[in-house]
Trainee: 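The structure follows.
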Amino acid sequence: MSQVRIKPRLPKGMRDFLPQDMLRREYVFSIVRDVFHLYGFEPLQTPVMELNETLMGKYGEDAEKLIYRAAHAEGKEELALRYDLTVPLARVVAQYQNEITLPFRRYQIAPVWRGERPQRGRYREFYQCDADIVGVSSMSADAEVLSMVVMALTRLGFRQFTVKINNRKLLTAIGQFSGVPDALLGDLYRSIDKFDKIGAEGVREELLKRGIGVDVVERMLPLLQAQMPGLERLDFLDDMLGSLPAAREAIAELRELADHLSDLNVSLQHYEFDLTMVRGLGYYTGPIFETVITEPNLGSVSGGGRYDALIGMFRGESIPTTGVSLGIERIIDLMELLDLYPASLGGTVVEVLVTVFNPELHSESTQLAALLRAHNIRTELYMLDKGVGKQLGYADKKGVPLVALLGPDEQAAGVVKLKRLSDGLEISVPQAEVVERVRQLLAER
């Protein structure tokens, strides 16, 4: 029976990660995870699939077109791959309300799926790193997650970035002030959300096409584009919109948020108020935020906001909630571009390769590898029947920093020869001292 050769390939927007790529990804994950822990957030895991009814009706019409549906030949449930980690969190809080103590701080680092058009920095399967605080209505919670974003990006090595902050209530107030009918406020959000892509004139044309009047649009655009430093922008909006209840509430929240950010030592150089930043998801109810790496610009690398009503869709009562999602994929791409990975990261986890000189010395080499592993030194024992030269070439190609050689001469003398590949240094050390000397050579890299 002949076999048809299958061409190895991936679906569009999906990726494999070889070991060298994974080491870099895990480096980023570990730093972000450490920052989450530093702020008292605890891990949560949810299934990759949710019931269709759990996901639909939460994100807005544009986003929900991107949700992957899942099916099984004998399955009776309508399922979908999770679009983000936020709606699953809302389900968890409602489902386990008797087991969760508020305030609840959780983080989750896991893949999500969206049927988007693949492009640089945008994939159909990608990881999100979310952190949320459930049960706190104060803007101190929003400040906590923003402070955490600033610390995570700083620890990863980024210097040029800005957290953009807005408030959904303020956008509503601008629409009301300008004369947008309530029925068209959703269209207003969707159009303004494209500001950074199509510019002021493009937004103007789109609003007109959506049926919003010329006079309304002309009254609105100057408010959206007003540029003032720091808190002066809030003063300007207060003067213009302060008579509207939604504006008063939104501006008060943003002032409170700024006060908490100051207490957390988050500098004004790291954030600004930007009325053209909307966040496309439909569940936000208050402050919203995105972080942009400004040099070079690959789009936003974090997004989030307050969504006080989402959990109520599952629980029957609203619970104040705010959170942020780090765009880990873009962060990883930018770190590669800006060369932010430490040189010591290398291309392998292996610290020492133990060679096997010949079959007669296989047992001695195996015992040496076991000894190094027992002392938490990451060690690979060479497994193929190749000469020592080939084994050294293998170690060099993998980027293994240190090779341990145990030939007949070394065995007879009771020593192990250690070779550091970066500079060719070779030393012979007594077998009783091999662990100490290996650590010393590794530390000197």
Side-chain angles (χ1 to χ4, degrees), residues 39 103 105 131-151 153 161-178 180 185 188-189 192-193 195 219-279 281 283-292 294 300 302-310 318-324:
Y39 278 72
R105 292 176 178 240
D132 298 80
I133 301 176
V134 181
V136 179
S137 58
S138 164
M139 294 296 106
S140 61
D142 303 74
E144 277 276 286
V145 297
L146 290 182
S147 171
M148 187 171 60
V149 168
V150 171
M151 179 175 287
L153 292 176
F161 64 88
T162 300
V163 180
K164 296 178 178 292
I165 303 173
N166 199 358
N167 194 310
R168 274 292 176 85
K169 298 169 188 174
L170 195 53
L171 288 168
T172 298
I174 289 174
Q176 294 170 343
F177 172 82
S178 304
V180 177
L185 285 176
L188 173 65
Y189 296 155
I192 295 175
D193 194 34
F195 220 101
R219 195 177 185 194
M220 179 193 313
L221 287 178
L223 284 174
L224 294 173
Q225 294 178 277
Q227 298 292 327
M228 288 94 177
L231 301 179
E232 291 181 25
R233 195 165 196 179
L234 298 184
D235 296 335
F236 167 76
L237 293 170
D238 207 355
D239 290 340
M240 296 294 293
L241 307 173
S243 62
L244 296 172
R248 286 199 302 272
E249 187 174 346
I251 293 169
E253 289 177 348
L254 294 180
R255 290 192 190 280
E256 181 188 346
L257 176 56
D259 288 341
H260 288 300
L261 287 173
S262 177
D263 293 338
L264 288 165
N265 297 320
V266 177
S267 170
L268 270 170
Q269 74 179 36
H270 278 318
Y271 73 91
E272 66 179 26
F273 299 104
D274 183 351
L275 302 186
T276 66
M277 189 275 294
V278 175
R279 302 292 298 154
L281 302 179
Y283 50 59
Y284 291 117
T285 59
I288 49 178
F289 18 87
E290 279 190 1
T291 306
V292 175
T294 54
S300 64
S302 85
R306 181 163 284 274
Y307 52 102
D308 288 347
L310 183 59
S318 296
I319 301 178
T321 308
T322 190
V324 68

Trainee: The criterion is salt bridge (charged side-chain N to carboxylate O under 4.0 Å, His left out); which residues satisfy it with E249, sequence neighbours excluded?
Mentor: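 Listed in chain order: K169.
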Trainee: Answer whether the closest heavy-atom distance between the side chains of N166 and F289 falls below 4.5 Å.
Mentor: no
Trainee: Could you go step by step and tell me if D274 and I165 meet the side chain to side chain contact (heavy atoms under 4.5 Å, CB included) rule?
Mentor: CA-CA 6 Å; D274 183 351; I165 303 173; over 6 Å; no
Trainee: Can you list everything that forms a side chain to side chain contact (heavy atoms under 4.5 Å, CB included) with R255? Sequence neighbours excluded, please.
Mentor: L234, D235, D238, I251
Trainee: Are any side-chain N or O atoms of S178 and backbone N or O atoms of I174, one a donor and one an acceptor, separated by less than 3.5 Å?
Mentor: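 Yes, the answer is positive, given that a donor and an acceptor are paired below the 3.5 Å cut-off.
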Trainee: With rounding to the nearest 0.5 Å, note down the distance linking CG in D308 to OG1 in T322.
Mentor: 8.0 Å
Trainee: Verify side chain to side chain contact (heavy atoms under 4.5 Å, CB included) between F161 and V292, making sure each step is shown before the conclusion.
Mentor: CA-CA 6 Å; F161 64 88; V292 175; over 6 Å; no
Trainee: Applying side chain to side chain contact (heavy atoms under 4.5 Å, CB included), name anything that partners M228, two or more places apart in sequence or on another chain.
Mentor: A226, E232, R233, F236
Trainee: In Å, rounded to the nearest 0.5 Å, how long is the span from OG1 of T276 to CG of L223?
Mentor: 13.0 Å
Trainee: Apply side chain to side chain contact (heavy atoms under 4.5 Å, CB included) to residues V266 and Y271 and explain how you reach the verdict.
Mentor: CA-CA 8 Å; V266 177; Y271 73 91; 4.1 Å; yes
Trainee: Between A309 and S318, what is the shortest heavy-atom contact and its length?
Mentor: CA-OG, 3.9 Å
Trainee: Determine the minimum heavy-atom distance between L170 and A250, stating which atoms define it.
Mentor: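 Closest pair (atom of L170, atom of A250, distance): N-CB, 3.5 Å.
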Trainee: Once rounded to the nearest 0.5 Å, what's the spacing between atom CG of L146 and atom NE2 of H270?
Mentor: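 NE2 of H270 is found 12.5 Å from CG of L146.
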Trainee: Does T321 form a side chain to side chain contact (heavy atoms under 4.5 Å, CB included) with I133? I'd like the steps, not just the answer.
Mentor: CA-CA 6 Å; T321 308; I133 301 176; over 6 Å; no
Trainee: Quick one: pull up CG in L275 and CE in M220 and give me the separation to the nearest 0.5 Å.
Mentor: 12.0 Å
Trainee: Once salt bridge (charged side-chain N to carboxylate O under 4.0 Å, His left out) is applied, what residue pairs with a partner in residues 135-149 remain, sequence neighbours excluded?
Mentor: R105-E144, D142-R306
Trainee: Could you tell me which non-hydrogen atom of G305 sits nearest to which non-hydrogen atom of Y284, and how far apart they are?
Mentor: N-CE2, 3.5 Å
Trainee: What residues, two or more places apart in sequence or in another chain, satisfy side-chain hydrogen bond (donor to acceptor under 3.5 Å, both in side chains) together with S147?
Mentor: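 For S147 the side-chain hydrogen bond (donor to acceptor under 3.5 Å, both in side chains) partners, ignoring immediate neighbours, are Y39.
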Trainee: Ignoring hydrogens, what is the shortest heavy-atom contact between T291 and S302? Give both atom names and the distance.
Mentor: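 Distance-wise, the nearest heavy atoms are OG1-OG, 2.6 Å.
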Trainee: For S138, check side chain to side chain contact (heavy atoms under 4.5 Å, CB included) against everything at least two apart and list the hits.
Mentor: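 Once residues adjacent in sequence are excluded, the partners of S138 under the side chain to side chain contact (heavy atoms under 4.5 Å, CB included) criterion are V136, S140, E256, H260.
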Trainee: Where is the tightest heavy-atom contact between R279 and G304, given as atom of each residue plus distance?
Mentor: NE-N, 3.6 Å
Trainee: Drop me the distance from N167's CG to M277's CE, to the nearest 0.5 angstrom.
Mentor: 9.5 Å
Trainee: Looking only at non-hydrogen atoms, find the nearest pair between M148 and V324 and report the distance.
Mentor: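 Answer, listing the atom of M148 first, then V324: CE-CG1, 4.3 Å.
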Trainee: With rounding to the nearest 0.5 angstrom, report the CZ to OH distance, R168 to Y307.
Mentor: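 Atom-to-atom, R168:CZ and Y307:OH are 14.0 Å apart.
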